[in-house]
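This is a predicted model, so every value here is computed, not measured.
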Amino acid sequence: MSLLILLLLVLAVVLWMVLEGPALAQVASQISRTLDCIPDKLTEFGNGLEDKAQADIESIKQSDIPVKTRNWVLETFNKVKEWFNTIFS
């Protein structure tokens, strides 16, 4: 009976070792490779973001939105200024 328990324990340990997965050294090398890729990925992300931002800024510069916004702000300011002048004069 004790021999059977011992064999089952040995079988359980062997199965656990087989099903455990990759060895610690393999996991460490995978983590190291992943960490080595991070600066490249960040640079690639930053470059893409920069290109998109520059394209958006150029499209805004070429549109008439800044001109219309400036004109609206000036007109509104002048209206408020005239309104204050009429109230306080």
Side-chain angles (χ1 to χ4, degrees):
M1 180 74 171
S2 64
L3 183 61
L4 179 62
I5 293 174
L6 181 63
L7 287 174
L8 286 174
L9 286 175
V10 169
L11 179 63
V13 169
V14 168
L15 279 174
W16 177 70
M17 290 175 67
V18 168
L19 298 176
E20 181 181 59
L24 186 58
Q26 289 174 335
V27 172
S29 70
Q30 288 173 350
I31 291 173
S32 175
R33 278 185 270 144
T34 301
L35 291 176
D36 289 341
C37 292
I38 289 176
D40 296 334
K41 294 289 184 183
L42 286 175
T43 302
E44 180 181 329
F45 174 74
N47 290 339
L49 190 62
E50 179 185 10
D51 293 341
K52 288 178 183 178
Q54 286 178 349
D56 289 341
I57 289 171
E58 284 301 316
S59 69
I60 289 172
K61 283 181 181 178
Q62 293 175 2
S63 72
D64 58 342
I65 293 173
V67 173
K68 286 184 177 181
T69 304
R70 182 177 181 272
N71 290 340
W72 178 84
V73 168
L74 287 175
E75 289 173 8
T76 306
F77 177 75
N78 287 332
K79 287 179 184 177
V80 170
K81 186 177 166 183
E82 289 175 15
W83 182 72
F84 274 116
N85 286 338
T86 57
I87 289 177
F88 294 114
S89 56

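In this structure, CZ on F45 lies 12.0 Å from CD on E50, to the nearest 0.5 angstrom. To the nearest 0.5 angstrom, W83 atom CH2 is 7.0 Å from F88 atom CZ. Atom-to-atom distance recorded for S63:OG and E58:CD is 11.0 Å, nearest 0.5 angstrom. Within the model, atoms NZ of K81 and CG of N85 stand 7.0 Å from one another, a figure rounded to the nearest 0.5 Å. Between the CG atom in L9 and the CG atom in L4 there is a gap of 9.5 Å [rounded to 0.5 Å]. Distance check: D56 CG to K52 NZ gives 9.5 Å after rounding to the nearest 0.5 Å.
The one candidate from V73, V67, L74 that meets the side chain to side chain contact (heavy atoms under 4.5 Å, CB included) condition with R70 is L74. Remark: of the listed residues V13, L15, L7, L15 is the sole one forming a side chain to side chain contact (heavy atoms under 4.5 Å, CB included) with L11.
Taking both residues in full, the closest heavy atoms of L35 and P39 are given as O-CD, 3.5 Å, listed atom of the first, atom of the second, then distance.
L8 and L3 end up in different hydrophobic clusters when Ile, Leu, Val, Met, Phe, Trp and Tyr side chains are linked at under 4.5 Å.
Side-chain atoms of I57 and I60, non-hydrogen and from C-beta on, never get closer than 4.5 Å to each other.
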